[in-house]
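Step one of this worksheet: look at the structure below.
Every value quoted in this text rests on a predicted model; they were computed, and no experiment measured them. Order of the sequence lines fixes the chain letters, A, B, ..., with proteins taken first and strands second; residue numbering starts at 1 for each chain.
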There are 2 protein chains.
Amino acid sequence: MNNYTNALREHHLKATPQRLEIANTLEYYGHINIDNLYEIMLKKFNSISLATIYKNINLMLENSFIQEVKIPHEKSVYELTKEAHSHLVCNKCGSIEDVSIDLPVVTHAVSNNSDFKIDKVDVVFSGVCKKCQSL
Amino acid sequence: MNNYTNALREHHLKATPQRLEIANTLEYYGHINIDNLYEIMLKKFNSISLATIYKNINLMLENSFIQEVKIPHEKSVYELTKEAHSHLVCNKCGSIEDVSIDLPVVTHAVSNNSDFKIDKVDVVFSGVCKKCQSL
DNA sequence: CTGGGTGCAAAGTATTTGCATGAAC
DNA sequence: GTTCATGCAAATACTTTGCACCCAG
């Protein structure tokens, strides 16, 4: 379990216990949605407010400390910001895995993109994870 | 302007005037979010309810007559179901273009995917469209 | 200390539901 | 005629805001 005090400060965020716990929770779970994060946070801070969760998530997004991942048919999940990658979502168990991706290759897989300046690409694969295949 | 009566029926949806207009609006605009769709529908049906829009969009999604597209930092937009493709989103003007994509190429751009069975991939490119580049 | 964060309550926004009426087939 | 859609109102769900108090720096 990392100490995120400096990381938060580098993103211009005061290192409150609630924020440290959000960071640790994101590290531990990898990806988590608002409701699950709130439930988990309640175990450590029995009077934490959902409003606090929302305010912090929004601030952390603005300061790029975390990223939002939009999953088809699901609520958005959040993850600590790290190097660019894409996601594998299992349709059976709902698990989400990170996977590194070769950006230039993806960029060249699209046709007619010569006149559109690509800054970023979000890729979400849906399918069945290894575990669920063997059930 | 297409007549979507049969297309709706093939998807087990009664062809009501409201649904036909939703189909035509999606055809015309390509991609549209709930609020804009409601505004446009109001011009043809001055007493249409937002509830009707939601109910129809949800039914059309369930029956795969339309698809939802999740755009980073934006409300979801909806489009008529067509062959697999990905999206180019302009960060300046917000326009959304379809672009065909070579699925196998994208699939092979990810590492470690040998043990995950990929069924589908959603790809959204963000950047600057041709028009906005020349402004 | 001081600025900003927290928790609560309330407000605001988004989406769904129940029901009576009306239209599609 | 029967089934299902529509529009309205109400309910529910989701997210943001205002404010008094408190804590990090």
Side-chain angles (χ1 to χ4, degrees), chain A residues 3-26 32-63 65-78, chain B residues 3-26 32-63 65-78:
Chain A
N3 180 331
Y4 285 98
T5 304
N6 291 144
L8 284 167
R9 289 183 186 154
E10 282 162 14
H11 289 267
H12 310 103
L13 296 162
K14 275 193 184 175
T16 66
Q18 290 86 342
R19 287 175 183 171
L20 290 167
E21 185 61 19
I22 289 176
N24 284 317
T25 303
L26 290 182
I32 197 166
N33 70 28
I34 291 278
D35 298 331
N36 293 156
L37 176 58
Y38 178 50
E39 279 175 40
I40 291 160
M41 293 289 293
L42 270 177
K43 291 176 186 164
K44 297 254 181 167
F45 303 90
N46 51 39
S47 65
I48 197 174
S49 159
L50 237 194
T52 298
I53 304 283
Y54 276 109
K55 286 173 193 168
N56 280 325
I57 288 294
N58 287 335
L59 268 179
M60 289 172 165
L61 284 171
E62 285 164 24
N63 295 311
F65 180 72
I66 65 173
Q67 302 291 140
E68 180 173 14
V69 184
K70 294 195 171 194
I71 308 289
H73 316 117
E74 300 290 337
K75 289 198 70 167
S76 289
V77 295
Y78 302 90
Chain B
N3 180 331
Y4 285 98
T5 304
N6 291 142
L8 284 166
R9 289 185 186 151
E10 282 162 13
H11 289 266
H12 311 103
L13 295 162
K14 277 191 183 175
T16 67
Q18 289 86 341
R19 287 174 183 172
L20 290 167
E21 185 61 21
I22 289 176
N24 284 316
T25 302
L26 290 182
I32 197 166
N33 69 28
I34 290 278
D35 298 332
N36 293 156
L37 177 58
Y38 178 52
E39 282 175 38
I40 291 161
M41 294 290 292
L42 269 178
K43 292 175 186 165
K44 296 254 182 167
F45 302 91
N46 52 39
S47 67
I48 198 174
S49 159
L50 238 192
T52 298
I53 305 284
Y54 275 109
K55 285 174 194 169
N56 280 325
I57 288 294
N58 286 334
L59 268 179
M60 288 171 167
L61 283 170
E62 284 165 23
N63 295 309
F65 180 70
I66 65 174
Q67 302 291 139
E68 180 172 15
V69 184
K70 294 196 170 190
I71 308 289
H73 317 115
E74 301 290 337
K75 289 198 68 167
S76 290
V77 294
Y78 302 89

### Task
Say whether, by atom type as modelled, one donor and one acceptor occur between the side chain of A/N3 and the main chain of A/T5 under 3.5 angstrom.
yes

### Message
Treating B/N56 as the side-chain partner and B/T52 as the backbone partner, does any N or O pair qualify as donor plus acceptor under 3.5 Å?
### Response
yes

### Summary
Of B/K75 and B/T5, the one whose closest nucleotide on DNA chain C sits nearer the 5' end is B/K75

Nearest to the [X] side chain among [options], which nucleotide is it?
| X | options | result |
| --- | --- | --- |
| A/T52 | C/dT6, D/dT6, C/dT16 | C/dT6 |
| B/N56 | C/dA24, D/dT6, C/dG7 | D/dT6 |
| B/T16 | D/dC4, D/dA9, D/dT6 | D/dT6 |
| B/S49 | C/dA24, D/dC8, D/dA24 | D/dC8 |
| A/L50 | D/dT15, C/dA14, C/dC25 | D/dT15 |
| B/N58 | C/dT16, D/dA24, D/dG7 | C/dT16 |

### Task
Would you classify A/I34 as touching base, sugar-phosphate or nothing, given that sugar-phosphate means primed atoms plus P, OP1 and OP2, and contacts are heavy atoms under 4.0 Å?
nothing

### Task
Kindly say if A/Q18 contacts the phosphate of D/dC23, meaning a side-chain N or O under 4.0 Å from OP1 or OP2.
no

### Query
OP1, OP2 of C/dC25 versus side-chain N and O of B/R9: anything below 4.0 Å?
yes

### Query
Looking at D/dG18, does its base get a donor-acceptor pair with the side chain of A/K55 below 3.5 Å?
yes

